[in-house]
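Because the structure is predicted, anything quoted here is derived from the model rather than measured. FYI, side chains are in, hydrogens and waters are out, and symmetry mates aren't considered; it's all heavy atoms of this structure.
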Amino acid sequence: MHKSFNMRIKKLLINIYVLVFTHSIVAQISFTESSSSQNINVSHGTGAFVGGISFFDFNNDGWDDLTFASNNGDPIYFFQNNNGTLSSVSLNLIDNLNDTRQINWVDIDNDGDNDLFVVSNNASNRLYLNDGSMNFIDITAASGISTATMRSWGGSWGDYNNDGYLDLFLSNRDIANGLQPNLLYRNNGNNTFTDVSSSAGISSSNHLSFCAAFFDFNNDGWQDIYIANDRFTTSNILYKNNGNGTFTDVSASSGTNIIMDAMSTTIDDYNGDGYLDIYITNTASGNYFLRNNGDETFTNIASTTGTTFNSIAWGAVFLDADNDTDLDLYVSGMRDGTNGQLPSAFYENSGSGSFTIPANAGFANDTAESYSNAIGDINNDGLADISVLNKEPRDNFLWMNTNTDGNNWLKVTLEGTTSNRMGIGSWIEISLGGNKQYRYTLNGEGYTSQNSSAEFFGLGNYSTIDYVKVTWLSGAEDILYNVSANQKLHILEGSTLSIAENDLDHIMLYPNPSKGEATVKANLPNYQVDIFNVLGARVFLETNLSKTTNLNLNSLKSGVYLLKITSGNNTWVKKLIVK
């Protein structure tokens, strides 16, 4: 009996060891402030609530660069990453030295280079077109985006009508007059934009908005919009995308109509359930952490997760700091810690639904008056670094991630073909031994920030990912199986839907994506081809086909379709992308 009992105990201990140590190595989280060694010697200045930060590879060389907003009279600051070392550079653009808030690198014309949008609260917003050689032309007036001073604070980009071009939501905070509403600009696909705010159902009142984010809160394939509104004269707003070019305000029914001093819209799936959650920063009454219940409602879990902060918080960002497979949280604040209120907080995810502030994680001197923050990877080691925008006299921070726990990682970048080129609005799903993680791609998030174009996944001790699946805004899905860890993976939309795909053992469809023609090769004596669009309408039909058939698809618009092959009582369905 004792021997049997001891064997059971031994097996239990082995199981515990396997559960803990084969998934992640437990180690001390460690960050080192490296702004001085990286020659970052700038701050936003002394302006109120300062501005934004972009931790984004603006020259497409594979290394995350830094762009900092600046105070009135100062230039926008660009720091180029040269194989892990930053240097200040001047870009070829006319900078009017206005006070700047949010800065977005965004490909408005899907030509593969990054254009620049600059938000200002004391001058006009500006849109610069990149000619492909990092020369920039101010096309604001010609683009149709207003050149008036609108007290703008945030700019967020998404594709609300799924036409493959990124649209702009402009958050305006008109304290002086209380008149300027937020604006939604539709990208017309020819470097011009149309103000569709009224027809789309965007409120014409001023809501003192700091920032917003495009995201899909109900997983219906259409991008919704959440807005952080300042002060107690207005509540936060959630606009549900109806899929027909209009939005419905569902703030009350969803439980997101919070009245608070809202500063941020930080979006991620913290608990890996496939639904996007929202973290919203606030003053001393406490931050909100809205868990998505999956039924178009949200529940505030800030208190139960230990993430209320209870200071004056601004920027916030989710990241898997130690690559142990769960998302941690970093929050910036404007206090210095001397009055008992937190100056900042790094919250470590316990993996069981709660967060704690670990000792000795490296943030002891994080006492500057801080605002926007963003994540990127300076040295391409797969560990997410954090950059923070500070008010004078402290220079902006660069918290280099110096973990040495050995956990594995994956970074994923996207390139749309039918969807927008940047892949904004895409879901990325990975599986580790059947355990899922999800990321969603945004442009303009947190408090006036922009994160790296790479999505970071912590893998623990897993050296191989079961699969990586991308669901694009077009509706297309790309799946890669048995992916190796510790790499940066670039996925092109439609790249897994090609002639190499032969999951239907005797049917082939190529080329896929198609540019007007496609060939069906089927070892069938008599079959029919139907093609349906994403709304389920049949847009193509050919009957009485045999073996190899060439299809003329010139009548189809660019997009994702379902191609159905019917022979007798048998049916096969394949995805078809038309470019």
Side-chain angles (χ1 to χ4, degrees), residues 101-102 104 106 108 115 117-121 123-127 139-217 222-231 233-252 254 256-257 262 265 267 420 424-425 442-445 448 473:
R101 300 296 171 177
Q102 187 142 15
N104 308 102
V106 53
I108 66 163
D115 311 300
F117 184 67
V118 179
V119 176
S120 177
N121 73 316
S124 68
N125 304 308
R126 287 163 287 155
L127 177 62
I139 64 167
T140 312
S143 73
I145 296 175
S146 175
T147 57
T149 299
M150 292 186 288
R151 305 294 178 185
S152 299
W153 217 273
S156 184
W157 296 81
D159 183 4
Y160 82 95
N161 57 354
N162 287 7
D163 68 348
Y165 288 92
L166 290 172
D167 312 298
L168 168 66
F169 189 87
L170 197 58
S171 299
N172 293 314
R173 184 175 175 273
D174 184 4
I175 288 287
N177 304 306
L179 298 175
Q180 179 63 53
N182 299 321
L183 298 174
L184 175 64
Y185 284 99
R186 184 189 66 221
N187 188 332
N188 300 318
N190 58 358
N191 295 342
T192 69
F193 293 78
T194 299
D195 182 351
V196 295
S197 309
S198 177
S199 61
I202 305 302
S203 171
S204 59
S205 300
N206 177 258
H207 293 279
L208 302 179
S209 301
F210 269 127
C211 52
F214 283 93
F215 77 125
D216 186 358
F217 87 98
W222 297 94
Q223 288 203 283
D224 313 295
I225 302 171
Y226 191 64
I227 311 167
N229 295 324
D230 187 23
R231 311 217 172 174
T233 57
T234 183
S235 60
N236 292 352
I237 298 173
L238 175 60
Y239 285 116
K240 178 182 176 180
N241 191 329
N242 300 317
N244 60 1
T246 68
F247 293 82
T248 299
D249 186 337
V250 295
S251 311
S254 64
T256 59
N257 58 334
T265 51
I267 308 290
N420 65 83
I424 301 302
L442 301 98
N443 187 329
E445 56 202 282
T448 63
L473 269 182

Asks: Grab the two heavy atoms, one from N182 and one from N172, that are nearest each other, plus how far apart they are.
Replies: OD1-N, 2.8 Å
Asks: Are S209 and N229 close enough that some pair of their side-chain heavy atoms sits under 4.5 Å apart?
Replies: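 The answer is yes; the side chains approach within 4.5 Å.
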Asks: State, yes or no, whether a side-chain contact exists between T265 and F214 at a heavy-atom distance under 4.5 Å.
Replies: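 Contact flag for T265/F214 side chains = no.
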Asks: Does V250 offer a backbone N or O that forms a donor-acceptor pair with the side chain of S254 under 3.5 Å?
Replies: yes
Asks: Any side-chain heavy atom of R173 sitting closer than 4.5 Å to one from N121?
Replies: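 Answer no - side chains too far apart.
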Asks: Under a 3.5 Å distance rule, please check whether N242 uses its side chain to pair with a backbone N or O of N244 as donor and acceptor.
Replies: no
Asks: Do F117 and L170 have side chains that get closer than 4.5 Å, going by heavy atoms?
Replies: yes
Asks: For the residue pair S251 and I237, what are the closest heavy atoms and their distance?
Replies: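 It is OG-CA, 3.2 Å.
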Asks: Is there side-chain contact between L208 and I175, with heavy atoms separated by less than 4.5 Å?
Replies: yes
Asks: Parallel, tilted or perpendicular, judged at 30° and 60°: which one describes the rings of W153 and F210?
Replies: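 The rings of W153 and F210 stand perpendicular, inter-plane angle above 60°.
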Asks: Between the main-chain N or O of A148 and the side-chain N or O of S146, is there a donor-acceptor pair closer than 3.5 Å?
Replies: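 Side chain of S146 to backbone of A148, a donor-acceptor pair under 3.5 Å: yes, one is there.
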Asks: Using modelled atom types only, decide if a donor and an acceptor are shared between the side chain of D159 and the backbone of G164 within a distance under 3.5 Å.
Replies: yes
Asks: Measure the spacing between OG1 of T233 and NE2 of H207 and express it to the nearest 0.5 Å.
Replies: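 Going from the OG1 atom of T233 to the NE2 atom of H207 covers 10.0 Å.
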Asks: Does a donor on one side chain sit under 3.5 Å from an acceptor on the other, for S120 and N125?
Replies: no
Asks: Does L184 offer a backbone N or O that forms a donor-acceptor pair with the side chain of S197 under 3.5 Å?
Replies: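 Yes, because the side chain of S197 sits within donor-acceptor range (under 3.5 Å) of the backbone of L184.
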Asks: Do other residues, nucleotides or ligands put more than 12 heavy atoms under 6.0 Å from R186 CZ?
Replies: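 Atom CZ in R186 is crowded, with more than 12 foreign heavy atoms closer than 6.0 Å.
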Asks: From N190 CG over to F193 CZ, what is the distance, rounded to the nearest 0.5 angstrom?
Replies: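 So the gap between those two atoms works out to 9.5 Å.
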Asks: If you take all heavy atoms of Q180 and D174, which pair is closest and at what distance?
Replies: N-OD2, 3.1 Å
Asks: Shortest non-hydrogen contact from D115 to I108?
Replies: OD2-N, 3.0 Å
Asks: Which pair of heavy atoms, one from Q102 and one from G154, lies closest together, and at what distance?
Replies: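 It is OE1-CA, 3.3 Å.
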Asks: With rounding to the nearest 0.5 Å, note down the distance linking CD1 in I145 to CG in N187.
Replies: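 Reported value, rounded in 0.5 Å steps: 8.5 Å.
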Asks: Roughly how far, to the nearest 0.5 Å, is CZ of F247 from CD1 of I202?
Replies: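 Rounded to the nearest 0.5 Å, the CD1-CZ separation comes to 5.5 Å.
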Asks: Judged by atom type as modelled, is there a donor-acceptor pair below 3.5 Å linking the side chain of Y226 to the main-chain atoms of T256?
Replies: yes
Asks: When rounded to the nearest 0.5 angstrom, what distance separates OG in S156 from CG in N443?
Replies: 7.0 Å
Asks: Picking from D224, T246, I225, V196, what satisfies side chain to side chain contact (heavy atoms under 4.5 Å, CB included) with Y160?
Replies: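 Option passing the side chain to side chain contact (heavy atoms under 4.5 Å, CB included) with Y160: V196.
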Asks: Using every non-hydrogen atom in the two residues, find where L183 and M150 come nearest and quote the distance to one decimal.
Replies: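 Where L183 meets M150 most closely, the heavy atoms are CD1-SD, 3.6 Å.
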Asks: Rounded to the nearest 0.5 Å, what separation is found between the CG atom of L442 and the CD1 atom of I424?
Replies: 7.0 Å
